[in-house]
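A short worksheet on the structure shown next.
We number each residue from 1, following the sequence as shown.
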Amino acid sequence: HYMARNFFAPVMVSGLEDAKKGTVELHVTSDLLRAEAGKLSWVVTDTAGRKLLTGTKDVRTPTNGNRKAATLKLAKLLTTQGERDLLVWLELTVKGQPASTNLVTFARPKHLTLAAKPGITTDVSARKDGSFNVALKTQRPAMWCWLELEGADVTLSDNFVHLRPGKAVRLTLTPSRSFTLTQLRKALQVRSLVDTY
């Protein structure tokens, strides 16, 4: 069993795909009462993790609203790769700090051509308060990853994260009972979308 902590995300990035046009509209949503300087970045990969296109754009967050920030034109990549083999990874930083990430696909999750064994690794370290830092890395893209702990419930700083090669995702894990670092490493399990097939 696992629970996500509810946390307030005042700034978010999202994408709206249109397979017929071969585009992804990138939007920035903000609950902030003043505009902030930010940087929007994107990495387009195939489902094996090979980079096909990257880019960045300086943006200003909207004041308590939503703003279209850019449109990615991916018709050529859709033709060569197909809808089932294209992933668009989005990241927004504000004041130099990560604020939001997102993933856009042109196919439904069950139709993506994902590797059966993405090669996910974990790096776990103990914190003084009894919780643990967990860094997740992967050799190939892994969608909707979640953590389970054998023998205990767990509270996580985030659930259902997407992993791409070369980009670690860091989470905080708090077990419902006391674990040593060795015990936690042994009991920790990482699952992803392909484990549901």
Side-chain angles (χ1 to χ4, degrees), residues 4 7-115 118 136-146 157-171 192-194:
F7 58 91
F8 178 61
V11 182
M12 294 177 48
V13 61
S14 61
L16 178 62
E17 75 281 358
D18 186 330
K20 289 182 181 177
K21 291 182 182 176
T23 60
V24 177
E25 286 185 3
L26 307 183
H27 291 261
V28 175
T29 304
S30 174
D31 291 334
L32 301 175
L33 298 178
R34 67 172 189 252
E36 298 285 354
K39 181 166 279 194
L40 182 59
S41 61
W42 54 91
V43 177
V44 181
T45 71
D46 62 13
T47 55
R50 185 172 56 103
K51 286 184 185 178
L52 305 171
L53 177 73
T54 63
T56 62
K57 181 177 181 182
D58 290 329
V59 295
R60 298 230 10 115
T61 63
T63 303
N64 198 25
N66 180 293
R67 175 181 300 146
K68 182 172 124 180
T71 300
L72 304 183
K73 297 179 181 178
L74 305 176
K76 287 183 182 178
L77 285 176
L78 273 171
T79 300
T80 58
Q81 298 298 131
E83 293 179 9
R84 300 174 80 172
D85 192 27
L86 206 61
L87 306 172
V88 182
W89 307 83
L90 306 176
E91 183 172 11
L92 176 67
T93 58
V94 176
K95 296 182 180 177
Q97 298 298 315
S100 175
T101 61
N102 213 327
L103 173 70
V104 179
T105 64
F106 287 94
R108 292 179 182 268
K110 68 180 181 178
H111 294 145
L112 294 172
T113 54
L114 297 171
L136 300 170
K137 293 183 180 178
T138 191
Q139 293 174 358
R140 290 167 294 284
M143 311 291 95
W144 289 276
C145 299
W146 72 93
S157 59
D158 200 354
N159 283 346
F160 301 108
V161 296
H162 304 299
L163 303 177
R164 74 174 169 89
K167 182 81 173 174
V169 172
R170 290 172 173 75
L171 305 172
S192 71
L193 178 65
V194 294

note = Tightest non-hydrogen contact, residues Val28 and Pro62, listed as O-CG, 3.5 Å

message = Is the shortest side-chain heavy-atom distance between Met143 and Leu103 below 4.5 Å?
response = yes

ask   = Can you tell if the side chain of Thr45 reaches within under 4.5 Å of the side chain of Arg50, non-hydrogen atoms only?
value = no

task = Starting at OG of Ser41, measure out to CD of Glu91 and round the result to the nearest 0.5 Å.
result = 4.5 Å

request  = Specify the closest pair of heavy atoms between Ala35 and Thr63, including all atoms of both residues, with the distance to one decimal.
outcome  = N-OG1, 3.7 Å

ask   = Between Asp58 and Lys39, what is the shortest heavy-atom contact and its length?
value = OD1-CE, 3.1 Å

query = Are any of the side-chain heavy atoms of Leu86 and Leu52 separated by less than 4.5 Å?
reply = yes

Closest non-hydrogen atom pair, Pro141 against Ala48 = CD-C, 3.4 Å

ask   = Can you check whether Arg60's main-chain N or O pairs, donor with acceptor, with Arg67's side chain at less than 3.5 Å?
value = yes

task = Starting at CG of Asp85, measure out to CG of Leu114 and round the result to the nearest 0.5 Å.
result = 9.0 Å

key: Nearest-0.5 Å distance, CG of residue Leu40 to OG1 of residue Thr56   = 8.5 Å

message = Is the shortest side-chain heavy-atom distance between Pro118 and Val194 below 4.5 Å?
response = yes

Student check: side-chain heavy atoms of Thr138 and Pro165 closer than 4.5 Å = yes

note = Output for pair (Leu112 CG, Asp46 CG), nearest 0.5 Å, gives 11.5 Å

ask   = Do Thr113 and Thr47 have side-chain atoms, one donor and one acceptor, less than 3.5 Å apart?
value = yes

inquiry  = As an exercise, state the distance from OG of Ser14 to CG of Leu92, rounded to the nearest 0.5 Å.
reply    = 10.0 Å

note = In short, Phe106 meets Glu83 closest at the heavy-atom pair O-OE1, 3.6 Å

query = How long is the gap from NZ on Lys167 to NZ on Lys137, to the nearest 0.5 Å?
reply = 12.0 Å

ask   = Do Asp18 and Leu16 come close enough that some side-chain heavy atom pair is under 4.5 Å?
value = no

inquiry  = Does the plane of the ring in Trp144 sit parallel, tilted or perpendicular to the ring in His162? Use 30° and 60° as the thresholds.
reply    = perpendicular

key: Pro109 versus Leu193, closest heavy-atom pair with distance   = O-CD2, 3.6 Å

inquiry  = Determine whether a donor-acceptor pair (N or O, by modelled atom type, separation under 3.5 Å) exists between the side chain of Thr23 and the backbone of Thr71.
reply    = no

ask   = Would a 4.5 Å heavy-atom cut-off, applied to side chains only, mark Leu26 and Val59 as touching?
value = no

Side chain to side chain contact (heavy atoms under 4.5 Å, CB included) evaluation trace for Val13 with Thr101 = CA-CA 6 Å; Val13 61; Thr101 61; 5.8 Å; no

query = Between Lys57 (side chain) and Ala70 (backbone), is there a donor-acceptor pair under 3.5 Å?
reply = no

Contact check, side chains of Val43 and Lys51, non-hydrogen atoms, under 4.5 Å = yes

request  = Spell out, as yes or no, whether a donor-acceptor pair under 3.5 Å connects the side chain of Arg84 to the backbone of His111.
outcome  = yes

Contacts of Ser100 that satisfy side-chain hydrogen bond (donor to acceptor under 3.5 Å, both in side chains) - sequence neighbours left out = none

